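Note sheet for the following structure.
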Amino acid sequence: MYKKFAAHLLVIAFVIYLGAAVIAGLLALAGTIGFWLGFVVALVAAFLLQATLVKAVQDVRDGRADLSIGGTVSAALPYIWPVAGASILAGIGIAIGLFLLIVPGLFLITIWAVIVPVIVIERSDVLASFGRSRQLVRGRGWHVFGTLVLVYLIMLAVNIVLGLVFRALPHVLGSGLSAIISGTLISPFLALVVTLVYYRLSGSMVPAGVVPPGGYPQSQPGGSYGGYGQPPEGGGGYGQPPEGGGGHGQPPQGGGNGGYQPPPQDGER
């Protein structure tokens, strides 16, 4: 998906990063106050980027980008403050956990891994997103933790390479370009991973461009957190559609194999 939608996702990240960098740079010319205002602008841009990229991944899961770049940003704007609030609270909690014994911090990183997709996709509020994320991750913590470790190792490697590439440039110019380019390359990848992990955990994972016969039944909003239904229990393994019948959002039964049924042919209607 990263390769297929690179042009769309990278442009979104680049535009937001570049716009924030230009505004922050201009504000910094005003002195200390301008510097801190620029820092706030960069922070808000980071929250906007998180929400926008999750919305972009949600958009392209059907195999095509239906929203323009401006449309994607506009669709993400209502979630910027909930994403900001949840990210700040999560950052504080994780920092305290890492400072105390490290392990509590890693635990919090894992159970809160999908709070941003929960907010953007399920329209959850700030506090409910923490409980919903933990609910989704429960029982699959090692899968999520291992995925996050791999992602951060990739991010570290890319940053090291870019740091070496821009080392020959003046420090200010090199660090600025490195930040914009690394953010542009890495942010969409991270958003793809986290958002697809969310969809897998919520039991509504469909590969991009693939529409199963009769469609894939999506969970409907509901439950104590106002979001998607519970992940399927039993059978099918991690992130697979539930087997058997009688469950929420399952396909009709019939044919004896318990699986999805193809749509009727013309002669069978």
Side-chain angles (χ1 to χ4, degrees), residues 1-10 12-14 17 46-47 49-61 63 83 86-87 90-91 93-95 97-99 101-121 129-130 132-166 178-210 231-232 236-241:
M1 290 187 70
Y2 183 89
K3 181 179 179 180
K4 182 176 182 179
F5 299 104
H8 184 65
L9 297 174
L10 295 181
I12 290 175
F14 180 75
Y17 266 109
F47 298 138
L49 182 61
Q50 289 184 65
T52 302
L53 288 175
V54 170
K55 180 60 69 175
V57 176
Q58 182 187 24
D59 175 39
V60 303
R61 284 181 67 242
V83 166
S87 298
I94 291 169
L98 291 174
F99 177 76
L101 292 171
I102 298 181
V103 174
L106 297 178
F107 173 74
L108 293 179
I109 289 174
T110 302
I111 65 172
W112 294 342
V114 293
I115 56 175
V116 175
V118 165
I119 290 173
V120 175
I121 297 172
S129 67
F130 288 88
R132 175 62 172 155
S133 179
R134 180 173 183 177
Q135 178 190 40
L136 290 171
V137 174
R138 184 180 293 121
R140 300 170 176 88
W142 286 112
H143 291 281
V144 175
F145 179 74
T147 302
L148 294 178
V149 169
L150 288 176
V151 168
Y152 284 113
L153 287 176
I154 293 172
M155 292 169 58
L156 178 62
V158 171
N159 281 321
I160 290 174
V161 171
L162 290 175
L164 294 174
V165 170
F166 291 105
S178 178
I180 293 175
I181 294 177
S182 64
T184 299
L185 294 175
I186 291 174
S187 297
F189 179 72
L190 179 60
L192 271 168
V193 172
V194 171
T195 307
L196 295 180
V197 164
Y198 160 80
Y199 278 116
R200 176 165 288 188
L201 293 175
S202 65
S204 55
M205 182 68 179
V206 181
V210 176
Y238 175 67
Q240 300 299 320

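Worth saying up front: this structure is predicted, and the values here are computed from it rather than measured. Here, residue 1 is the first one in the sequence, and each next residue gets the next number.
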Taking every non-hydrogen atom, the tightest pair across [X] and [Y]:
| X | Y | result |
| --- | --- | --- |
| Pro188 | Ala13 | CG-CB, 3.9 Å |
| Gly63 | Lys4 | O-NZ, 3.5 Å |
| Ile12 | Ala56 | CD1-CB, 4.0 Å |
| Phe130 | Ala86 | CZ-O, 3.4 Å |
| Ser202 | Leu136 | CA-CD2, 3.9 Å |
| Ala51 | Val83 | CB-CG2, 4.1 Å |

Less than 3.5 Å apart, which donor and acceptor atoms pair up between the side chains of residues 102-115 and the rest of the protein, not counting sequence neighbours?
from, atom 1, to, atom 2, distance (Å)
Thr110, OG1, Leu106, O, 2.9

Using side-chain heavy atoms (C-beta onward) and a distance below 4.5 Å, is [X] in contact with [Y]?
| X | Y | result |
| --- | --- | --- |
| Ile121 | Tyr199 | yes |
| Leu192 | Leu9 | yes |
| Leu185 | Tyr2 | yes |
| Asn159 | Ile186 | yes |
| Val193 | Leu150 | no |

To the nearest 0.5 Å, tell me how far [X] [atom1] sits from [Y] [atom2].
| X | Y | atom1 | atom2 | result |
| --- | --- | --- | --- | --- |
| Tyr198 | Gln58 | OH | CD | 8.5 Å |
| Arg61 | Thr195 | CZ | OG1 | 9.5 Å |
| Phe47 | Thr52 | CZ | OG1 | 13.0 Å |
| Phe5 | Leu10 | CZ | CG | 12.5 Å |

Could you verify whether a donor N or O on one side chain and an acceptor N or O on the other, from Arg138 and Gln135, lie under 3.5 Å apart? no

Check: Lys55 main-chain N/O paired with Asp59 side-chain donor or acceptor under 3.5 Å: no

